[in-house]
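To start, the structure under review is shown below, and the notes come after it.
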Amino acid sequence: MEVHPAAALLLILSCFTVACYAHNVHLSTLNQSLIVTASATPGQVLKAGTDAITITWAFNPNLTVSDANYTTVEAKLCYAPVSQTGRDDRKTDDNLDFDKTCPFDITDEPYKRSNNTFIWTIPRDTPTATYFVRVYVINAKNHEIAYGQNTNASKATNLIQIDGVVSEQKDSAAWPVIGNSFGYYGFAWALMLILML
Ligand SMILES: *[C@@H]1O[C@H](CO)[C@@H](O)[C@H](O)[C@H]1NC(C)=O
Ligand SMILES: *[C@@H]1O[C@H](CO)[C@@H](O)[C@H](O)[C@H]1NC(C)=O
Ligand SMILES: *[C@@H]1O[C@H](CO)[C@@H](O)[C@H](O)[C@H]1NC(C)=O
Ligand SMILES: *[C@@H]1O[C@H](CO)[C@@H](O)[C@H](O)[C@H]1NC(C)=O
Ligand SMILES: *[C@@H]1O[C@H](CO)[C@@H](O)[C@H](O)[C@H]1NC(C)=O
């Protein structure tokens, strides 16, 4: 069996996009060792395409946790529970391979213990919703190993309201089913098989 060059390329590309982070990592097993803040004030509605959020993060030195293996951080914009109701395409899953809470990348940076600030202009195409900010810590093997977020455990405090574009739930049953049952690896393999036929 010959591997189609396009299929090989697709696999490599999918590795860069999703599969390399698909490692069966569960949020509940991570140390919540970063302190994260985001500048929005309660009640403020931020305009996508215009307004900015200032995000800060730092290692919490009071924990008995080591940051020896912390390599990079990824800051993400995440849907608050109020904007997840009735939306399977935004659903939270403890397994990060399937979690759809945090679809928007804010920034990727090398890990630094303190003094991290990033000013993020909210992209114009951000859906109108209520959000929070989560920062993941990644190790050298590209696994999430710790995190922090600017809200409390039930994701009720310090939420950020963004006025952006109206987004409808994608009305396609097939895609989420594939995504949920095989994971992204399965999805990449399925595409590869299709290309090889
Ligand atoms: C760490 O502990 C010190 C002393 O108890 C306290 O002043 C400080 O606010 C704590 N820092 C954090 C981030 O909790
Ligand atoms: C969380 O911190 C503890 C104490 O440093 C460590 O033993 C454990 O491996 C850490 N968990 C992860 C997922 O890195
Ligand atoms: C860092 O990673 C190494 C190799 O995986 C592991 O043996 C060690 O326990 C880790 N250290 C911490 C503090 O998590
Ligand atoms: C934090 O960054 C600012 C601006 O880059 C710098 O002036 C300051 O000295 C830094 N503080 C620490 C503790 O590294
Ligand atoms: C989060 O904050 C809300 C509002 O202050 C509070 O009702 C809720 O109990 C808190 N949840 C946790 C897990 O601390």
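Order of listing sets the numbers, starting from 1, for every ligand and every atom in it. For clarity, every value in this text was computed on a predicted model and none was experimentally measured.
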(Q) Ring-plane angle category for His143 and His23, please: parallel below 30°, perpendicular beyond 60°, tilted otherwise. (A)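 His143 and His23: parallel rings.
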
Q | Thr64 neighbourhood, listing ligand 2 atoms whose heavy-atom distance to it stays under 4.0 Å | A |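 Taking each heavy atom of Thr64 in turn, ligand 2 has 4 (C), 5 (O) under 4.0 Å.
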
Q: List every atom of ligand 2 that sits less than 4.0 Å from any heavy atom of Thr29, numbering the atoms from 1 in the order shown and giving each element.
A: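 Answer for ligand 2: 13 (C).
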
Q | Ligand-residue contact atoms, ligand 5 with Ala153, heavy atoms, under 4.0 Å | A |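 By the 4.0 Å cutoff, the relevant atoms are 13 (C).
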
(Q) Heavy-atom contacts with ligand 3 below 4.0 Å: which residues, ordered by chain and residue number? (A)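 Contacting ligand 3 under 4.0 Å are Ser66, Asn69, Lys141.
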
**Q.** Lys100/Asp89 under salt bridge (Lys or Arg N to Asp or Glu O under 4.0 Å): CA gap, chis, key distance, verdict
**A.** CA-CA 7 Å; Lys100 302 186 188 93; Asp89 58 338; over 6 Å; no

Q: Answer yes or no: is there a side-chain heavy-atom contact under 4.5 Å between Val36 and Thr56?
A: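 A side-chain contact under 4.5 Å is absent here.
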
Q: Not counting sequence neighbours, list each pair that qualifies as a disulfide bond (SG atoms under 2.5 Å apart) and has a residue in residues 27-98.
A: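 Residue pairs passing disulfide bond (SG atoms under 2.5 Å apart), neighbours aside: Cys78-Cys102.
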
Q: May I ask you to identify, for Ala156, whether its side chain, its backbone, both or neither come under 4.0 Å of ligand 5 on a heavy-atom basis?
A: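 Near ligand 5, Ala156 shows its side chain, while the N, CA, C and O stay back.
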
Q: Compute the shortest N/O to N/O distance between Ser154 and ligand 5 and return yes if it is under 3.5 Å, no if not.
A: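 Between Ser154 and ligand 5 (N or O atoms, distance only) the closest approach is under 3.5 Å.
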
Q: Examine the side chains of Tyr111 and Asp67 and answer whether a donor and an acceptor come within less than 3.5 Å of each other.
A: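 Yes, because at least one side-chain N or O of Tyr111 sits under 3.5 Å from a partner of the opposite role on Asp67.
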
Q: Check the side chains of Asn24 and Asn95 for a donor-acceptor pair under 3.5 angstrom, ignoring hydrogens and angles.
A: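 Checked: Asn95/Asn24 side chains pair up, N/O donor to acceptor below 3.5 Å.
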
Q. Counting only N and O atoms by type, is there a donor-acceptor contact under 3.5 Å from the side chain of Gln84 to the main-chain atoms of Lys91?
A.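 No, the answer is negative, given that no donor and acceptor are paired below the 3.5 Å cut-off.
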
(Q) Show the nearest heavy-atom pair for residues Asn116 and Trp57, with the distance to one decimal. (A)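 Closest heavy-atom pair between Asn116 and Trp57: ND2-O, 3.0 Å.
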
